[in-house]
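Shown next, in structure tokens, is the structure this report addresses.
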Amino acid sequence: MLAWSQSLRMKIGTLAILFAGCALAQSTRVDWEKQRPEVLEHFRDLIRIDTSSPPGNETKAVDYLRKTLEDNGIGTQTFALNPNRANLVARLKGNGSKRPLLILAHTDVVPVQREKWPLDPFGAILKDGYVWGRGSTDDKPILTALLMTMLELKRTGAALDRDVIFLAESGEEADPTGVGINFMVAQHFKEIEAEFAVTEGGGAVIENGRVVAVNIGTAEKLPARVRLVVNGTSGHGSVPKEDNALIHLGGAVEKVGTWRTPMRLSDTTRTYFEKLAQMSPPEKAARYNALLNPATAEEAQNYLAKNDPRRYSMLRTSVVPTMLKAGVGPNVIPSQAEATLDIRALPDENIPAFYEQMKRVIGDPAVKIEPIPMTRPPSPASRLDTEMYKTLERVAKEMYPGTTVLPTMSTGASDMAQLRAKGIPSYGIGPAATENDSTNFGAHSDVERLPESSLYPLVEYAWRTVSEVAVRR
Ligand SMILES: [Zn+2]
């Protein structure tokens, strides 16, 4: 008996050394096939908790997460500016030889119009191989993946070189009162301070049943909206006036709306288009390569402007008129007219200089540019040569041989902005979907759904990447 147990101990010891010496082998310590029911259960449970904002009620999701974590021996803390909209932090301690890693997901979802939904938006119904429901793509897959990562790190008893901090944050989708990331960064930054962060903001592309590309979010544009305001003299609609505010505003909106702002590539977008060209069929590849050459970029931009506006937006600070306000009656010349421009700036844009440039494009002193207070800070792109990025890239290639890994700049905004602005390089990951699913059944839609088969690889990807940067080798 003794000999047997000794030899078993030796075998375990040898195995441990083998595992320690081979990062990839870490993943074999979790039988993901076996974890599937638990993964699916957490995912569906979290969708069933209605955290649509407003009002959010994210504390209900926090209660669920706290119980799950604490049942598994992981201590938690909650931080709430508003008791109904709490944030939860859980920390697995490392030996401190490396700085912490922050993994975070938001618990809130956007509201639903129930009558537009084909299925109960909070039913987490499994149908045709999909899990349907609000939050099934944004952001409960990531929340589930990071929760499972914590649970498995704890269960495997992995020795950590760094703390792994889990943050379930409220108010990402709409946060006029700053209950989520703004509150955590402003009041409890030491609880989440880390060398790197991983959260939503990436994804993967399925073509013909295969993952052909993995997007890792490394940068995002900055909303830098303005109002164009024109004041003129009011009067009777039967008497034309040259200072009519509507005429001046109309001219300005047309000029800025059709203005081709300067194209500028960054490390992220240059790499993105280079790699996209490498994986694309010849005609598309030629177009992406043309963007990289100033002599041919113009024509390629024309094509994208017409046919691929999202990628066109990745090339530049974009200016999009979104609202008009003027007039009280058909026979009254209004004394004021205004337009809202949704400007999305490249991460390194000099905003005041950009507004000056826009003023010259408008070329009409009657039109005043009034910046709208920003809701997020300017944030630098996260580097592509960090341990975290390289690990996200390597594990993606291991899990999906032959796939292309694309660093991606989001044209939208996320809570990574606040973290990057505080000096934490932050990276976005996400589940795999076909073009059809991400375009027609994606985030914020009335038919939001996730292929069940995309959930499990996301969980494994999160666990493996976190393990490789945090578990002691
Ligand atoms: Zn989201």
Side-chain angles (χ1 to χ4, degrees), residues 42-43 46-58 60-62 65 85-88 102-112 121-122 124 131-147 149 166-176 178-185 192 197-204 215-223 310 344 375-376 379 382 408-420 424 426-433 437-439 441-451 454-455 458-459 461-462:
H42 288 313
F43 183 52
L46 286 165
I47 292 171
R48 288 186 189 114
I49 301 171
D50 177 354
T51 49
S52 54
S53 165
N57 288 324
E58 294 94 330
K60 287 190 292 175
V62 161
L65 296 166
R85 311 198 66 182
N87 303 278
L88 174 142
L102 173 66
I103 57 178
L104 70 152
H106 64 88
T107 51
D108 61 325
V109 295
V110 292
V112 297
F122 300 104
V131 181
W132 298 71
R134 175 59 83 226
S136 61
T137 69
D138 181 12
D139 183 31
K140 287 173 174 170
I142 300 284
L143 188 61
T144 304
L146 301 180
L147 171 67
T149 297
F166 172 74
L167 168 63
E169 45 142 2
S170 61
E172 193 273 344
E173 298 289 1
D175 189 18
V179 295
I181 196 71
N182 287 314
F183 171 62
M184 291 306 296
V185 164
I192 58 168
V198 173
T199 185
E200 66 172 343
N215 293 296
I216 298 171
T218 57
E220 67 185 48
K221 294 177 92 176
L222 171 69
R310 195 179 61 83
R344 300 296 179 117
T375 50
R376 294 191 197 269
S379 66
S382 298
T408 310
M409 179 180 72
S410 169
T411 56
S414 81
D415 282 357
M416 283 191 276
Q418 280 86 339
L419 297 172
R420 289 185 181 128
I424 304 178
S426 304
Y427 300 97
I429 61 171
D437 271 333
S438 46
T439 311
F441 298 90
H444 301 202
S445 77
D446 299 330
V447 281
E448 189 177 349
R449 68 182 195 186
L450 184 81
S454 291
L455 179 63
L458 176 70
V459 178
Y461 182 58

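Computed from heavy atoms alone, side chains included, the values below leave out hydrogens, waters and symmetry copies. All residue numbers in this chain count up from 1 along the given sequence. First listed ligand is number 1; within each ligand, the first listed atom is number 1.
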The N/O/S atom of Glu200 lying closest to the Zn ion (ligand 1) is OE1
> Do you see a donor-acceptor pair shorter than 3.5 Å between the side chains of Arg420 and Ser382?
Replying inline: yes
Polar contact flag, side-chain donor to acceptor under 3.5 angstrom, Thr51-Glu58: no
- the Zn ion (ligand 1) to nearest N/O/S of Glu172 less than 2.8 Å: no
Checklist entry - Does the side chain of Glu173 pick up a donor-acceptor pair with the side chain of Ser53 at under 3.5 Å? => result no
Residues Ile142 and Leu104: closest non-hydrogen pair is CG2-O, 4.1 Å
Taking the Zn ion (ligand 1) as the apex, OD1 on Asp138 and NE2 on His106 give an angle, to 10°, of 100°
